[in-house]
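Comments concern the structure below.
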Amino acid sequence: MTDHERSDADSPILAPLNDAQREAVSAPLKPVLVLAGAGSGKTRVLIHRIAWLIERERVSPHSLLAVTFTNKAATEMRGRLERMLSMDSRALWVGTFHGLAHRLLRIHWREAGLIQTFQIMDGEDQKRFIKRLLKTLGHGDGEWDPKEVRGFINGNKNEGRRPDDLADDHDPTRRQLIQFYREYETACNRVGLVDFAEILLRAYELWKNNPTILAHYRQRFRHILVDEFQDTNTIQYNWIRLLAGRDGLPFVVGDDDQSIYRWRGARIEHLRQFQRDFAGTRVVRLEQNYRSTGNILAAANALIANNTSRMGKNLWTDDRDGDPIRVFGGFNERDEAQFVLGRIAEWVDQGGARSDVAILYRSNAQSRVFEERLIGMGIPYRVYGGLRFFERAEIKDALAYLRLMSNRHDDPSFERVVNLPTRGIGARTVEVLRHYARDNDTSLWVAAGALISDGLSKRAANALHGFLQLIETMARDVRDLDLHEQVDHSIEASQLIRHHEKDRTEKGEARVENLRELVSAARGFDPDTVTDEEGIDPLTAFLAHASLEAGEGQGDAWDDCVQLMTLHSAKGLEFPLVFMSGMEDGLFPHRRSIADVDGLEEERRLCYVGATRAMERLYMTYAEQRRLHGVDTFGQPSRFIGEMPPERLEEIRPHIKVSRPVFRAPSSRSKLEETSHGLRLGQRVMHAKFGEGVILDFGGRSRVQVNFDNVGTKELDLTYARLEML
DNA sequence: AAATCAACGCTTTTT
DNA sequence: GCGTTGATTT
């Protein structure tokens, strides 16, 4: 080691890192691909690389672009950078793909072909809009599913394709979908709205079609850092590649084994393509895991080894083997939940924190049984997912008023609030407006203005006039106010508050509270986080923020509570104690993914992600019988359990041997009805304390009656009793 | 205009 | 089985 290298190794940037991390962080200025296994310090490497570039390579913070997928990741990165570099991180562009692309569109709205006050539709808005559009086009009778049309449109946008790029292949269905896409585009442009996929595609096309602008950003952002690279979809990948050009220096971090978003356009292949597109890419593998015990890692490694065409990585740890992975099979989902709650109670009794515990499941519907048990036992918990703040109906109503104030031609917002609270503008009147708007190719706002003087009944015209006046007055009254005062004024003047106050139920009160909270959100909002360019009014910025960052779900009502979430939303998190529930074939892997190899491999990666969330202790549970959508179904333990090395597992109950044949061989269904957990009536069993006996009956839950030769009949709980089959 | 009823669908989710 | 949604009732 030379003196020079030694001084590098001692620097605060490199000192806390292991060899591989150090190699990545201090790599020469060339394209770098970091293959970072779960828990190997991926984010840390990204942060330290930025610090390295700024402090060692003397790169200006202004020439750095750091991209993440979620706002959470972006916020975290920003925070860690500020702490590490003790600088104002505003100099850096750190954000999500959508956030950064949006920022570009705000700056270059004209070149992007947008109006200055363009606003963003979330998936829900988009669905409504498409539904409305289908009706207008005379296809509103249910032959077309708005979700399907949306899927078609977004899928193509994610691949960078416009209607003109699509051929109908002489398929009438496809031809129709392309036509809908075309109409949808026109409609969006008319009302000044963009959907999420459009943000990315527009930003891409902005660069593609404007060489001067592209040249400017290429010159500015030579260093492009991307987190979770395996999750990039085609347009995101192309956006990065376009920006990097020939001289850019992308530094991307990802893990092909944790790619779980293929179904929403992510392409795992981008990891390989990166190496082809950027000649001389330095590939660094981070394989030392700092999170999990040896047993957990060994099981996860063995599982993921069943996938083909991996980039190759084997996690290892310095840590002890720790506990084996415990596998439990319940009679049904309530039995399963009872078992899980029992273990949690133990954990808490022994001084463990509730917030260190995560219950993971494949689909949201599975949370209910756990929630019921948790409530019953008085254990605080938090469920991830569900409606977020800015997605709530009453909040969207309020935002619709604000949007209309900002852009009168926003038809979806117009329709949303024109009669909310009710002001005598019925469906009939709105129908007339729509007709006029379509015939004259104008917005509903313009149609309303025109029809007030002629074409409507006196009553309808009056009511409509009142609404138009209201919006105009609100917009005028609010002009010189601070943002939060604007919001406050609009929820009052629109009568939304009064409307919900009339509802004296808990729901109504919650809505009023949420509306008040919206004012607080506006008060705390810093427009500079959206863009620091001149000429964007705070309201427009706030509305964009509301769409781009839907906010938290329930907030943190409880500090120390058990965490419930899907396997997908667990990605990136870690917990000392993890339960993977519903480990049954058909549920996980999900039956809709089982058929094709790609689908099954993605499920396996999901299982890998789940298992590697666990730091100390991991349980995998399943139910023999499960009520799904109201019907009882019988299942087999997940094939994924069978893919893990038996010596790393421990079956909680004695009756199922953890061996490949048992997990792989499907047993007949009729047999399952007479037996439970491999035990059958009349079966001779051995108990450590009570000696030999014979099974008399199966009780509810995991209870079983055994007539012991020496001590008589006992009822045992199979969760605790270790019965050995004889 | 609110209340009630029938129909629907149901993997995963961020932006 | 349950929650949402759209249509129909009162």
Side-chain angles (χ1 to χ4, degrees), chain A residues 67-74 95-103 120-128 131 135 140-142 145-148 151 154 157-158 194-201 203 228 231-233 235-236 259-266 333 360-369 371-372 384-388 390-391 393 419-427 499 502-503 505 544-553 565-572 582 586-594 599 602-603 605-607 609-610 626-633:
Chain A
V67 197
T68 64
F69 275 85
T70 65
N71 291 300
K72 201 172 151 200
T96 62
F97 275 101
H98 289 85
L100 296 166
H102 170 252
R103 194 166 171 180
I120 302 161
M121 282 184 282
D122 67 16
E124 197 55 42
D125 300 335
Q126 194 188 8
K127 197 182 81 193
R128 282 164 161 262
K131 196 171 191 179
K135 269 207 184 112
D141 44 12
D145 177 7
K147 276 197 202 154
E148 195 190 324
N154 290 345
K157 285 188 180 183
N158 285 338
V194 297
D195 58 56
F196 285 130
E198 184 72 25
I199 295 176
L200 298 176
L201 184 50
E228 305 277 19
D231 285 338
T232 50
N233 65 29
I235 197 70
Q236 287 162 335
S259 166
I260 54 174
Y261 288 115
R262 193 178 68 113
W263 51 275
R264 65 178 199 209
E333 71 277 5
L360 309 182
Y361 35 79
R362 177 66 237 267
S363 62
N364 286 305
Q366 288 168 251
S367 75
R368 249 198 59 226
V369 197
E371 289 189 66
E372 282 165 6
Y384 282 69
L387 272 195
R388 272 116 31 104
F390 287 111
E391 290 168 352
N419 201 31
L420 186 97
T422 47
R423 47 173 73 88
I425 304 170
H499 176 247
K502 277 195 280 185
D503 180 359
T505 64
H545 164 82
S547 305
L548 241 30
E549 195 164 350
E552 281 290 294
M565 68 189 83
T566 62
L567 287 153
H568 281 91
S569 34
K571 196 173 87 159
L587 193 59
F588 189 39
H590 197 275
R591 55 178 57 74
R592 291 180 67 156
S593 308
I594 268 172
E602 179 143 312
E603 295 282 307
R605 290 193 291 270
L606 188 57
C607 188
V609 165
R626 180 179 297 273
R627 182 157 270 203
L628 270 176
H629 315 311
V631 279
D632 286 328
T633 48

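Every chain is numbered from 1 and lettered A, B, ... according to where its sequence line falls, protein lines coming before strand lines. Note: hydrogens, waters and symmetry copies are ignored here, and every other heavy atom, side chains too, is used.
Within the 4.5 Å cutoff, no side-chain heavy atoms of Phe97(A) are placed close to those of Ile235(A). For the pair Arg626(A) and Val369(A), the minimum side-chain heavy-atom distance is 4.5 Å or more.
The heavy-atom pair separating Ala101(A) from Ile199(A) by the smallest distance is CB-CG2, 3.7 Å.
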Legend entry - CA sep, side-chain torsions, deciding dist, call: Met121(A), Glu198(A), side chain to side chain contact (heavy atoms under 4.5 Å, CB included): CA-CA 10 Å; Met121(A) 282 184 282; Glu198(A) 184 72 25; over 6 Å; no

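Each of Thr96(A) and Gly424(A) was assigned the nucleotide of DNA chain B with the nearest heavy atom; the assignment lying further toward the 5' end belongs to Gly424(A). Each of Met565(A) and Asn419(A) lies near DNA chain B, and the nucleotide nearest Asn419(A) is the one positioned closer to the 5' end.
Note that the CG atom of Asp122(A) and the CZ atom of Arg388(A) stand 9.0 Å from one another [nearest 0.5 Å].
Across all strands shown, Ser593(A) has heavy atoms under 4.0 Å from base atoms, whether or not it also approaches the sugar-phosphate. Contact annotation for Asn71(A): backbone-only contact, meaning every heavy-atom pair under 4.0 Å involves sugar-phosphate atoms and none involves a base. Counting any heavy atom pair closer than 4.0 Å across all strands shown, Asp122(A) reaches no nucleic acid atom.
Of all nucleotides in DNA chain B, those with any atom nearer than 4.0 Å to a heavy atom of chain A start and finish, going 5' to 3', at dA1(B) to dT15(B).
Taking Tyr361(A) as the reference, nothing meets the ring-ring contact (aromatic ring centres under 6.0 Å, His included) condition, with sequence neighbours excluded.
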Legend entry - Where protein sits on nucleotides 1-7 of chain C, one letter per nucleotide: B base, S sugar-phosphate only, - none, heavy atoms under 4.0 Å: BS---S-

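Within a 6.0 Å radius of CZ in Arg262(A), other residues, nucleotides and ligands contribute more than 12 heavy atoms.
Ring planes of His568(A) and Tyr261(A): tilted class, angle from 30 to 60°.
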